[in-house]
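Right, one structure below, let's go through it.
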Amino acid sequence: MQDRYDPREVERDAQSFWQSHRSFAVTEDRARPKFYCLSMFPYPSGKLHMGHVRNYTIGDVLTRYHRMRGENVLQPMGWDAFGLPAENAAMANGVPPARWTRDNIAYMKRQLQALGFALDWDRELATCDPSYYRWNQWFFTRLFRKGLAYKKTGVVNWDPVDQTVLANEQVIDGRGWRTGALVEKREIPMYFLRITAYAEELLAALDELPGWPERVRLMQKNWIGRSEGVRLAFPYELDGEKKLLWVFTTRADTLAGATFCAVAAEHPIAAWAARRDPKVAAFLEECRRGAFVEAELAQIEKKGLPTGLTCEHPLTGEPIPVWVANYVLMGYGEGAVMAVPAHDERDFDFALRYGLPIKPVIRHPLGDTVPAPWRAEYAEYGTCIHSGKYDGLAYQEAVDAIAADLRAKGLGEKQVQWRLRDWGISRQRYWGCPVPIVHCPACGDVPVPDEQLPVVLPEHLVPDGTGNPLAKMPEFTSTPCPSCGKPARRETDTMDTFVDSSWYFARFACVDNERQMVDERARYWMPVDQYIGGIEHAILHLLYSRFFQRVMRDEKLLEVSEPFTNLLTQGMVLAESFYLETPEGRREWVHPSEVEPQRDAKGRICGGIRRSDRATLAYDGLGTMSKSKNNGVDPQQLIERYGADTARFFVIFASPPTNTLEWSDEGVEGSSRFLKRLWAYCAKFDEPGPIMAEDLARATRFEIHSVLKQANYDLSKHQLNTVASAAMKMLNALERFRGGRNRTTEDGLSILLRLLAPITPHICHTLWRELRFGEDVMKAQWPEPDPKALEQDEIEYVVQVNGKKRGTLVVPKALESREVESMVRASDVVKRYIADLSIRKVIVVPGRLINIVV
RNA sequence: GCCCGGGUGGCGAAACUGGUAGACGCAGGGGACUUAAAAUCCCCAGGCCGCAAGGCCAUGACGGUUCGAGUCCGUCCCUGGGCACCA
């Protein structure tokens, strides 16, 4: 065996062993428990980033651990290959997205292979392959026929110069990223998936996902957002016609305090008002150019105008003015609200601003009045006042009574409202899965029949930023209607890439099936037993996948309802970012490795200096590594310099998987040092050494097995950083005894190598063979601590006086608490710290600690 | 703004779900080896006071519960993620 650790050689040998033995190819095997371990597939952006390395190393550690436990483990890999960056790259370089994407896949695949992941590459898939996306299309047409996919208008960002739809990401400060033009909202027809039909089930089932982090379940719960309330109507008359303005409220108990109503800018009443009043029209125009994403919408100044319409209070018949306000969302509830300024903060601000009446109707903790400024107590539940017959009622009683009365008048009823909206999947973009619909002047929207699928996306096009190139391609758009055969137009919208990623995990089971979306094998492998991916996907991707899984279940394609039994959400890899503001106001992002950070008095980074030219840079804080901010650390250099095992060990050791990881290059060196030390220890393992004294052997054995016990516990909790620490502790324990193979060191080293094998598989593979422990460490049995090695005759108690540590006491193991107590009363510690004070109480925590209260 | 996390030495972290705060590492200091350096090995190391024994202070801040709080409760500060067309 070589003296020097050469990762390149070790990794090449191990990888070729796995390849020639087809070590990671798996098939259905009902004799063993199956374990489907999946990491979120990457978008092929060019090269792996640290987040990928972290994600896939965590997944690989769990995969190999479960394999060594004798389970039938599937770990596949694929590519989330459609998406916007490919179009951007195409525009920048004039290369078709297809070629850019496939080149990236080839490069990133080599990187994944270099990292030695135990992947079954036979199952590789890319969502941009027709063999994959045809099943998106097939499934869509089934949903369309069932009404679970449907068409309605939706709002998009419109760049009036490029005449194109922009993604939210492409809108910067309200302007198009390429043209700088003010972006407008535009309503266009789109296809939606009826996820709201599953809202109730998606919510209820969260309680039966013990393998998911509590916080993810909570986020999903809040996202789905079930609220119980009352849908009620304010009658009004328009052009001699009686009409109803419907609103939804969770606070029907405050109805008597409603002093005005407010409608969203997109509400029909707002449109009506705009036709009569140019000021309203201008306001709507302003809203149309205003914020689009919810985060901005929630922070804009609350503004509004009277529509000129007055309706009746449904209880009192009093006149209630109707306003249009920019804080009312068309997408939630009825697109209109009743405003109760006394008990709702937004309504309160709005009423103050426009001098609208504020009428308190709830007795809150601060009293019966609501003087400005706003206090959170005003919104609390309390008993009704100034509410006529409802006075004195508590929240629920009031809601029940009011709902019943409204119902009797036909002006309202209790309703469950969801925050969740249907999923708009149409994208006016080229590089995606074509929506399989043909528009026929005679037959309407006709789904493409199964035998004509897939609708193949032409791959040679290069988008130019002015709309979808498919729309300019008659060979694509002109097609006979599948229903009547007359000339018709093919839909050019493509699907949201979240559709692709909502079921790929099932397809890995049967990538080669050309006849079916999924088959028997998918029913064997599903659900995914362990899913691993970034916390940033906690809501959308995971919710869409849960929805898809249920629809597939209802289509009798799969049996289970939940796609992912256990979920590990890894923390993001963060890095600092710095930029130089150019004279034109653009930001030129400078890579952190080229920056000397500058710190303020508190030691916080507040800016930076570029090393090359001493330019002063602005600091943009810590954030996720991204191309746009030029702050990514390229793992390739790490792998080339230190080898895959060091890179793997480091990302596992640096931080627990769920923590965010603030990247720093220091520390990698230590991981490399540990592997070199391990190698050096093993290289001398067979050299003769001194005879090991019995008590040293016993102590070493105790150390190894107790560390192993803890490591196994940590593994079960997925706390992998301490498993890496455990391996280091084991090597430290073995090194205290220098050289020589004996029963103790052999036992210890074989445990160490097996414990470490999932993290650094290459070096462990080689050492396992070199030291003749066996043929393949991956086939070795997972180590369990020997209870005999853990036995101890004596226990060391910590002795505290009034909760402060004052000493220790070694006590024979078998003693009862009472006996321990009398021993401690006679001990030096008591003599020294207590002297003549009287002992009030002695608390003995068995096996651990004694606290004397004086 | 709303929803969900996190905050422990100079740095990454650990602490068996209320019981010895800082395991294991990184960076640092000292030493050995070397002509020298690198590599490797050994030792030291939370802060303050003290020659030492030892004492006091310390888990973002301030309160609370408890014999005992990094851990539980309350308020506040800082910070990361998500907010539906980035993936």
Side-chain angles (χ1 to χ4, degrees), chain A residues 40 42-43 45 80 82-85 88 154 156-157 165-171 213-216 218-223 225 292-300 327 331 346 419-429 496-498 501 534-541 543-544 569 571-572 574 603-604 621-624 626 628 650 653-656 658-662 664 666-671 673-674 676-677 680 709-710 713-714 719 721-722 724-729 732 796-805 807-808 840-843 845 848-854:
Chain A
M40 290 179 185
Y43 177 77
S45 55
D80 189 12
F82 277 135
L84 197 54
N88 296 341
V156 294
N157 304 305
V165 174
L166 299 178
N168 287 342
E169 195 189 49
Q170 297 171 316
V171 181
E214 177 63 30
R215 65 160 155 161
V216 175
L218 238 184
M219 279 192 261
Q220 292 218 347
K221 187 179 167 192
N222 292 335
W223 184 263
F292 179 71
V293 298
E294 197 191 312
E296 288 168 35
L297 221 48
Q299 285 173 83
I300 54 174
Y327 68 90
R346 286 177 313 181
R419 209 188 75 96
L420 183 68
R421 308 199 293 261
D422 275 342
W423 174 15
I425 59 157
S426 294
R427 297 291 178 271
Q428 298 68 43
R429 271 191 271 284
D496 180 2
T497 57
F498 274 126
S501 56
I535 184 67
E536 69 273 23
H537 294 292
I539 296 176
L540 291 179
H541 163 60
L543 189 62
Y544 291 148
T569 48
M572 317 228 0
L574 306 181
R604 285 190 210 149
L622 264 182
T624 115
S626 72
S628 61
F650 178 67
F653 177 67
S655 184
T658 53
N659 273 27
T660 53
L661 175 57
E662 292 167 31
S664 81
E666 300 142 357
V668 179
E669 203 62 59
S671 302
R673 198 173 300 155
F674 165 66
K676 282 186 214 160
R677 253 177 63 208
K709 186 180 173 193
Q710 182 65 40
Y713 175 79
D714 291 347
Q719 182 161 298
N721 56 324
T722 48
S725 295
M728 287 175 146
K729 287 180 188 173
N732 289 346
E796 191 184 63
Y797 276 81
V798 168
V799 181
Q800 294 183 332
V801 177
N802 285 345
K804 285 195 176 178
K805 183 189 172 185
T808 57
R840 281 178 35 201
K841 202 167 161 191
V842 176
I843 291 154
V845 182
R848 206 167 262 285
L849 169 143
I850 304 150
N851 191 15
I852 303 164
V853 187
V854 297

Using OP1 and OP2 only, check whether a side-chain N or O of [X] sits under 4.0 Å from [N].
{"X": "A:K804", "N": "B:C57", "value": "yes"}
{"X": "A:R427", "N": "B:C85", "value": "yes"}
{"X": "A:Q299", "N": "B:C83", "value": "no"}
{"X": "A:R673", "N": "B:C26", "value": "yes"}
{"X": "A:S655", "N": "B:G12", "value": "no"}
{"X": "A:N721", "N": "B:A14", "value": "yes"}

Tell me the interatomic distance from [X], atom [atom1], to [N], atom [atom2], rounded to whole angstroms.
{"X": "A:N732", "N": "B:C41", "atom1": "CG", "atom2": "C1'", "result": "13 Å"}
{"X": "A:N659", "N": "B:G6", "atom1": "CG", "atom2": "P", "result": "9 Å"}
{"X": "A:K805", "N": "B:A15", "atom1": "NZ", "atom2": "P", "result": "19 Å"}
{"X": "A:M219", "N": "B:C4", "atom1": "CE", "atom2": "C1'", "result": "4 Å"}
{"X": "A:E669", "N": "B:G25", "atom1": "CD", "atom2": "P", "result": "15 Å"}
{"X": "A:K221", "N": "B:G82", "atom1": "NZ", "atom2": "C1'", "result": "18 Å"}
{"X": "A:H541", "N": "B:G82", "atom1": "NE2", "atom2": "P", "result": "15 Å"}
{"X": "A:I843", "N": "B:G18", "atom1": "CD1", "atom2": "P", "result": "16 Å"}

From the options [options], select the nucleotide whose nearest atom is closest to the side chain of [X].
{"X": "A:L218", "options": "B:A15, B:G5, B:A87", "result": "B:G5"}
{"X": "A:Q428", "options": "B:C83, B:C85, B:C4", "result": "B:C85"}
{"X": "A:Y713", "options": "B:U20, B:C4, B:U17", "result": "B:U17"}
{"X": "A:M572", "options": "B:A14, B:C41, B:G81", "result": "B:G81"}
{"X": "A:R419", "options": "B:U20, B:A84, B:C3", "result": "B:A84"}
{"X": "A:V165", "options": "B:C85, B:G81, B:A13", "result": "B:C85"}
{"X": "A:T722", "options": "B:U20, B:A14, B:A87", "result": "B:A14"}
{"X": "A:L849", "options": "B:C24, B:G19, B:G25", "result": "B:G19"}

Pairwise [atom1] distance for [N] and [M], with rounding to whole Å:
{"N": "B:G10", "M": "B:G46", "atom1": "C1'", "result": "10 Å"}
{"N": "B:C57", "M": "B:G68", "atom1": "P", "result": "15 Å"}
{"N": "B:G28", "M": "B:G22", "atom1": "P", "result": "24 Å"}
{"N": "B:U59", "M": "B:U20", "atom1": "C1'", "result": "15 Å"}
{"N": "B:G9", "M": "B:G5", "atom1": "C1'", "result": "24 Å"}
{"N": "B:C33", "M": "B:U40", "atom1": "C1'", "result": "9 Å"}
{"N": "B:C43", "M": "B:A23", "atom1": "P", "result": "15 Å"}

Let me confirm one number: the [atom1]-[atom2] distance from [X] to [Y], rounded to the nearest 0.5 Å.
{"X": "A:D496", "Y": "A:W423", "atom1": "CG", "atom2": "CH2", "result": "6.0 Å"}
{"X": "A:Q220", "Y": "A:R215", "atom1": "CD", "atom2": "CZ", "result": "13.0 Å"}
{"X": "A:D80", "Y": "A:M40", "atom1": "CG", "atom2": "CE", "result": "11.0 Å"}
{"X": "A:E669", "Y": "A:R673", "atom1": "CD", "atom2": "CZ", "result": "6.0 Å"}

Does [X] reach a base, just sugar-phosphate, or nothing at all? Heavy atoms under 4.0 Å.
{"X": "A:V293", "result": "sugar-phosphate"}
{"X": "A:V668", "result": "nothing"}
{"X": "A:P42", "result": "nothing"}
{"X": "A:S426", "result": "base"}
{"X": "A:V853", "result": "sugar-phosphate"}
{"X": "A:F674", "result": "nothing"}
{"X": "A:W223", "result": "base"}
{"X": "A:Q719", "result": "sugar-phosphate"}
{"X": "A:A538", "result": "nothing"}
{"X": "A:I300", "result": "nothing"}
{"X": "A:Q800", "result": "base"}

Under 3.5 Å donor-acceptor pair, [X] side-chain atoms to [N] base atoms:
{"X": "A:N851", "N": "B:C67", "answer": "yes"}
{"X": "A:R840", "N": "B:C67", "answer": "no"}
{"X": "A:E294", "N": "B:C2", "answer": "no"}

Report yes if the side chains of [X] and [Y] come closer than 4.5 Å at any heavy-atom pair, otherwise no.
{"X": "A:L540", "Y": "A:W223", "value": "yes"}
{"X": "A:T722", "Y": "A:Q710", "value": "no"}
{"X": "A:L420", "Y": "A:L543", "value": "yes"}
{"X": "A:I843", "Y": "A:I850", "value": "no"}
{"X": "A:Q170", "Y": "A:N88", "value": "yes"}
{"X": "A:F498", "Y": "A:S501", "value": "yes"}

For B:G9, measure the glycosidic angle (O4'-C1'-N9-C4 for a purine, O4'-C1'-N1-C2 for a pyrimidine) and name it syn if it falls within 90° of 0, otherwise anti. syn
Do A:N732 and A:R677 have side-chain atoms, one donor and one acceptor, less than 3.5 Å apart? yes
CA sep, side-chain torsions, deciding dist, call: A:V216, A:I535, side chain to side chain contact (heavy atoms under 4.5 Å, CB included): CA-CA 8 Å; A:V216 175; A:I535 184 67; 4.1 Å; yes
Can you give the dot-bracket line for RNA chain B, using ( ) for pairs inside the strand, [ ] for pairs that cross earlier ones, | for pairs with another strand and . for unpaired bases, where Watson-Crick and G-U count if both distances are under 3.5 Å? (((((((..(((......[....))).(((((.......))))).((((....))))..(((((..]....))))))))))))....
Candidate pair A:V853 and A:N802, rule side chain to side chain contact (heavy atoms under 4.5 Å, CB included), full reasoning: CA-CA 5 Å; A:V853 187; A:N802 285 345; 3.8 Å; yes
Please report the closest heavy-atom contact between A:R429 and A:V165, naming both atoms and the distance. NH1-O, 3.9 Å
Between the protein and nucleotides 30-34 of chain B, which nitrogen or oxygen pairs come in under 3.5 angstrom?
none

